[in-house]
Amino acid sequence: MNVSLSVWLLTVAALCALVAADFFIGRRPHDVSVKEAGTWTVVWVVLACLFGLGLLLFAGGGPTGEFFAGYITEKSLSVDNLFVFVLIMGRFAVPSAYQQRVLMVGVLVALVLRALFIAVGAAIISAFSWVFYLFGAFLIWTAWKLVQDARKGAHEDEYEENKLLKAVERRFGVADRYHGTKLWIEQNGKRVMTPMLVVMLAIGSTDVLFALDSIPAIYGLTEDPYIVFTANAFALMGLRQLYFLIGGLLKRLVHLSYGLSVILGFIGVKLVLHALHESGVRVPEIGIPFSLGFIVLVLAVTTFTSLRVSRRRERTDEDGATAQAPRPPASSRSRTR
């Protein structure tokens with residue numbers, strides 16, 4: 001796509017306006033209801049679909065397919081990231097009323113980081129075509145690591161602060177409790193961070209790791225920086241509401257990591273085939289329609305099997321609890337007849 005500077009500026013301005021509106025709506029700390037989260041999740045999905053239809057009208061089916069493939073992939077990866085967000089919120093005991101503010105800042109940091117990674121990735125790809133080999137190998141390795149982590153139950157582990165976050169805490173000090181949405185306070189004559197700022201830094205630092213696999217993944221579906229940027233933006237901007245909507249369902253998506261590993265491995269192979277094709281080797285290339293269908297199918301199967309296994313485990317737990325429940329004494333049973 002030949003995207004002019006004016007279209008880029010208009011797109012960025014529109015996205016900034018949407019972020020500002022989202023921030024204005026959620027500026028007051030409160031417990032987000034399922035109804036509110038569901039409504040805004042639908043709004044963000046509809047906006048993404050409308051943008052995709054706009055691409056279809058002005059750019060054709062090719063870019064539209066690339067956008068939706070990238071959007072669905074990034075959305076799926078962001079759902080997996082919610083597992084880490086849940087661990088971080090629990091580790092720092094973030095009050096439910098303040099969680100949306102933390103997530104809002106996390107999404108803003110993620111958007112800025114993704115924009116930087118996208119720009120760097122576009123520059124590297126334009127200069128070195130062999131980088132697709134590296135991207136492909138990295139995604140295949142990430143897919144294998146996801147499978148290993150899933151087998152070990154990595155999502156059930158507690159969140160551990162990284163060395164950078166611990167160093168910042170030692171340098172500035174941390175207050176012993178939350179002070180609303182304040183980030184800094186005066187304590188014993190010293191300016192210290194609040195736990196609110198610490199948890200924001202924790203989520204922001206994990207966003208860097210999330211971008212390391214999501215950016216190569218979407219570049220495996222499209223090389224257009226405009227589509228890469230917009231697909232990432234729309235996938236991230238509904239992340240806050242999605243957290244509250246499916247927070248209780250995350251534990252039931254027991255096969256999500258396996259599904260994502262299949263998708264990342266598939267895209268990794270696609271990147272390697274594309275790199276070989278660019279090098280003059282006659283190998284088949286995987287088209288966008290097949291990629292989009294494959295990604296949707298894997299996610300559908302993963303969701304179905306996850307919910308089925310979770311439901312079966314719940315029934316087993318209920319049956320076990322019933323079997324272990326103490327029987328009432330005989331006199332009590334006789335009175336109930």
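Residue indices begin at 1 and follow the sequence shown. Hydrogens, waters and symmetry mates play no part in the numbers below; they use all other heavy atoms, side chains included.
Between F67 and Y71, the angle of the ring planes stays under 30°, which puts this pair in the parallel group of the 30/60° scheme.
No continuous path of ILVMFWY side-chain contacts below 4.5 Å connects V192 to W184, so the two sit in separate hydrophobic clusters. Using a 4.5 Å cut-off between side-chain heavy atoms of Ile, Leu, Val, Met, Phe, Trp and Tyr, with links allowed through other members, F304 and L256 fall into different hydrophobic clusters. Transitive grouping of hydrophobic side chains (ILVMFWY, heavy atoms separated by less than 4.5 Å) keeps L10 and M237 in distinct clusters. Follow the hydrophobic side-chain contacts under 4.5 Å out from V281 and you reach V131 in the same cluster. In this structure, L134 is a member of the same hydrophobic cluster as I124, with clusters built from ILVMFWY side-chain heavy atoms closer than 4.5 Å.
Counting only heavy atoms from C-beta outward, the side chains of L276 and F132 never approach each other to under 4.5 Å. Side-chain contact check for R101 versus M200: some heavy-atom pair is nearer than 4.5 Å. Residues F266 and V298 fail the side-chain proximity criterion, which asks for heavy atoms closer than 4.5 Å. Using a 4.5 Å heavy-atom cutoff, the side chains of I203 and M89 are in contact. F85 has its side chain within reach of L239: a pair of non-hydrogen atoms, C-beta onward, lies under 4.5 Å apart. N232 is listed as a side-chain neighbour of I215, based on a closest heavy-atom distance under 4.5 Å. For the pair I218/T73, no side-chain contact is recorded, criterion being any heavy-atom separation below 4.5 Å from C-beta on. Side chains of I140 and L271 form no contact here, defined as non-hydrogen atoms less than 4.5 Å apart.
Residue L236 holds its CG atom at 4.5 Å from CZ of R114, rounded to the nearest 0.5 Å. Between the NZ atom in K270 and the CG atom in L221 there is a gap of 6.0 Å [rounded to 0.5 Å]. How far NZ of K145 is from OG of S257: 10.5 Å, rounded to the nearest 0.5 Å. Taking CD1 of I263 as the reference point, atom OG1 of T302 lies at 6.5 Å (rounded to 0.5 Å). Rounding to the nearest 0.5 Å places CG of L108 at 11.0 Å from CG of L113. The CG atom of L77 sits 12.0 Å away from the CD1 atom of I72 when rounded to the nearest 0.5 Å.
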Tabulate below the donor-acceptor pairs under 3.5 Å that side-chain atoms of residues 42-56 make, not counting sequence neighbours, or state none.
none

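At least one donor-acceptor pair closer than 3.5 Å links the side chain of Y219 to the backbone N or O of I118.
H179 and T194 are not linked by any side-chain donor-acceptor pair at a separation below 3.5 angstrom, with hydrogens and angles left out of the test. A donor atom on one side chain and an acceptor atom on the other are not found under 3.5 Å apart for Y258 and T305.
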Please report the C-alpha distance between F172 and L197 in whole Å, then the side-chain angles of each, then the deciding distance to 0.1 Å, and finally whether the side-chain contact (heavy atoms from CB on, under 4.5 Å) criterion is met.
CA-CA 11 Å; F172 297 100; L197 179 56; over 6 Å; no

Start with the C-alpha distance between D176 and Q187, add both sets of side-chain angles, then the distance that settles side-chain contact (heavy atoms from CB on, under 4.5 Å), and finish with yes or no.
CA-CA 10 Å; D176 56 355; Q187 182 173 285; 3.9 Å; yes

Are M193 and V174 close enough, and set up right, to give a side-chain contact (heavy atoms from CB on, under 4.5 Å), and what steps lead you there?
CA-CA 5 Å; M193 301 187 302; V174 183; 4.0 Å; yes

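A115 meets the side-chain contact (heavy atoms from CB on, under 4.5 Å) test with F229; sequence neighbours excluded.
Smallest separation of non-hydrogen atoms from V199 and V94: CG2-CG2, 3.8 Å. Closest approach of A217 and L264 over heavy atoms only: CB-CD2, 3.8 Å. Across all their heavy atoms, K75 and F234 have their closest contact at NZ-O, 4.0 Å. When all heavy atoms of M196 and G180 are compared, the closest pair comes out as CE-O, 3.6 Å. Nearest approach of E74 to A235, heavy atoms of both residues: CB-CB, 3.6 Å. Nearest heavy atom pair, residue S291 against residue I286, reads OG-CG2, 3.5 Å.
No more than 12 heavy atoms of other residues, nucleotides or ligands lie within 6.0 Å of CG in N2, so this atom counts as exposed by the packing criterion.
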